[in-house]
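Below is one structure, written out as structure tokens; the observations come after it.
Chain letters run A, B, ... following the sequence lines, proteins first, then strands; residues in each count from 1. Keep in mind that what you see is a predicted model, and the values were worked out from it rather than measured.
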Protein chains: 2
Amino acid sequence: MSPSPDRAADGSTDRTAGASVLVVDDEHAIVRALTAALEARHYRVTAARTGHEALELAATMTPDVVVLDLGLPDLDGLEVCRRIRRWSEVPIIVLTAEGSDRVKVQALDEGADDYVTKPFSTPELLARLRVALRHHRRSASDDADLAEHQVGELVVDHLHHEVRVAGERLDLTPKEFGFLAVLARHPGRVFTHRMILQEVWGEAYGTETQYLRVYASQIRKKLAGRPAPVLVTEPGVGYRLVDAADGS
Amino acid sequence: MSPSPDRAADGSTDRTAGASVLVVDDEHAIVRALTAALEARHYRVTAARTGHEALELAATMTPDVVVLDLGLPDLDGLEVCRRIRRWSEVPIIVLTAEGSDRVKVQALDEGADDYVTKPFSTPELLARLRVALRHHRRSASDDADLAEHQVGELVVDHLHHEVRVAGERLDLTPKEFGFLAVLARHPGRVFTHRMILQEVWGEAYGTETQYLRVYASQIRKKLAGRPAPVLVTEPGVGYRLVDAADGS
DNA sequence: CCGCTGCGCCAAGATCCCGTAAAGATCGGC
DNA sequence: GCCGATCTTTACGGGATCTTGGCGCAGCGG
């Protein structure tokens, strides 16, 4: 490609900035050095000193990546790795003093995503951290791709940004689409005026209820005569989307 | 998630068995040793000796993972890495003799997923290979990682960096190519302004929507009068590429 | 019975967004 | 250092969309 101005040679400015990192190590010096280096790159850093603390924090703060020293006072580092892997796929970068192949291989097979031996080069660790975040970001966005809501014969397809009724494409303006998409997220449930306005128009528009009347009307017009759900008014409260066939 | 029955301690029997590996190195001894080690684990191995050969094979055989030596006779290894990343997210494990930090960091930021210095420990390399395969397995469901994408009569060939319509080469500028290539990766799907801008121009350009209008216009002009797909505008949202023949 | 309130609906501006052309600015090759 | 290709920026017309005000209606309480 062309030389992008945003790709710094050291990768310090990239989309991984601002991610939260859990650093697990009992050596104070290491924690301090790592924290400093990471915060300088605008990561949010949390430190844990023991295995149990690490497990606790991994669960409560849901970090974007974990840097894990294997030599912990209470639990075996490998055990920590294994336990996190039981419920989370957060990237784990293992850090260790000894360079034994056996441990290295075991850690990687146990669910670690990378392995760096001490003494480590900080730039290298940071680069590997960016790799881990890159991966995680990718698989996370894959999950979000599956967004599609169905209400009776009506399908709101966020991926293609279109609405289909009985398979036929329905042509909506951006605001109309937004309105309908909000309601379709929870069929039958009431959304207040405020909720819809703030979601579609923005935070500041919480009271412009006349917009809703206009757009509700237009949406109903476009849905009329089709085997589609009905846009129901909840007087004084808001709107909801109800499948014509059932009375939920 | 749950403790997998396929996770043996030495990793010899796991779900990654049978995967295809592309080994890129000009040293015969390394290739021989690696091939032997990999085939013993029932991987399918293909070897490339030069950068160009590597790119060609990466495109035609779509390996599950690439092991890439940076010291190649024709192309810089980093360049190979970059070119593969233009169209594929196949895991790349970089292999190199020199241990310079700068190169290491650069390779990782350039798209490499891991980095091993020679002389390397075979068990470790194999373990890292398993990690790479584990990662990619997650998002291997889509067909975005192909060197060629076809939409109707239009073919985007990432390897040769060219576009053909009905077999005839279409002359595009780099930005035009990038724009079209993004859309062709998922025909019919909407790409938001932000997505396209960040992919083609860079992270920092997420709001420069006037570029898109200019280039959309130019691309349409070049596609006009040919049996090509149509570049459709989704007002307020983005663009998508639709085969003229069908309505997807 | 009457006024008030909230809603549906309409239609006229106002505004935003898009497409297009064309003029600088920039870059790379010769 | 010039020249051509490409990228960036500006400007403008047209059209779709959004916003706004108004009107009629129904329900409700005074």
Side-chain angles (χ1 to χ4, degrees), chain A residues 1-7 161-163 169-183 190-194 196-225 230-242, chain B residues 161-163 169-183 190-225 230-242:
Chain A
M1 296 287 145
S2 56
S4 340
D6 63 311
R7 178 184 292 156
H161 205 268
E162 69 180 20
V163 171
R169 188 163 192 280
L170 190 63
D171 194 72
L172 298 174
T173 74
K175 295 278 196 270
E176 287 166 3
F177 181 88
F179 194 157
L180 200 51
V182 168
L183 298 187
V190 179
F191 288 81
T192 65
H193 298 137
R194 172 172 292 275
I196 302 166
L197 284 165
Q198 291 190 340
E199 188 113 2
V200 179
W201 273 264
E203 287 297 321
Y205 292 76
T207 59
E208 309 282 323
T209 59
Q210 69 274 21
Y211 291 0
L212 297 182
R213 292 203 294 277
V214 172
Y215 280 88
S217 162
Q218 286 170 358
I219 290 171
R220 283 179 181 133
K221 212 183 296 175
K222 293 192 178 180
L223 290 179
V230 183
L231 181 54
V232 178
T233 303
E234 254 353 281
V237 183
Y239 293 88
R240 60 200 179 101
L241 200 58
V242 178
Chain B
H161 213 262
E162 69 177 22
V163 171
R169 190 167 189 285
L170 190 64
D171 198 64
L172 298 175
T173 73
K175 299 283 195 231
E176 287 166 2
F177 179 88
F179 193 156
L180 200 51
V182 168
L183 298 187
V190 180
F191 288 81
T192 65
H193 298 138
R194 172 173 295 275
M195 283 183 200
I196 302 165
L197 284 164
Q198 292 191 339
E199 188 111 2
V200 178
W201 273 265
E203 289 295 319
Y205 292 77
T207 59
E208 308 283 321
T209 58
Q210 69 273 26
Y211 291 1
L212 297 182
R213 291 201 293 275
V214 171
Y215 279 88
S217 169
Q218 286 170 359
I219 291 171
R220 283 180 182 134
K221 215 182 295 176
K222 294 191 178 182
L223 290 179
V230 184
L231 181 54
V232 178
T233 302
E234 288 298 322
V237 182
Y239 293 88
R240 59 202 181 100
L241 199 59
V242 177

Inset, instruction - Would you grab the first and last nucleotide of DNA chain D (5' to 3') that comes under 4.0 Å of any non-hydrogen atom in chain A? - result: D:dT17 to D:dT20
In whole Å, I'd like the distance from the [atom1] atom of [X] to the [atom2] atom of [N].
X: B:K221; N: C:dC18; atom1: NZ; atom2: P; value: 18 Å
X: A:Q218; N: C:dC9; atom1: CD; atom2: P; value: 11 Å
X: B:K222; N: C:dT20; atom1: NZ; atom2: P; value: 15 Å
X: A:H193; N: C:dG6; atom1: NE2; atom2: P; value: 10 Å
X: A:R213; N: C:dA11; atom1: CZ; atom2: C1'; value: 16 Å
X: A:I219; N: C:dC9; atom1: CD1; atom2: P; value: 12 Å

Inset, instruction - For the side chain of B:V214, starting at C-beta, report the closest nucleotide among C:dC18, C:dC9, C:dA21. - result: C:dA21
Legend entry - Among A:V200, A:L241, A:L231, the one residue meeting side chain to side chain contact (heavy atoms under 4.5 Å, CB included) with A:L180: A:L241
Legend entry - Degree of bending, the helix from C:dC1-D:dG30 to C:dC30-D:dG1 (end axes from five pairs; round to 10°): 30°
Inset, instruction - Give one of base, sugar-phosphate or nothing for B:Y215, where a contact means two heavy atoms less than 4.0 Å apart. - result: base
Legend entry - Whether A:Y215 and A:W201 hold their rings parallel, tilted or perpendicular, with breakpoints at 30° and 60°: perpendicular
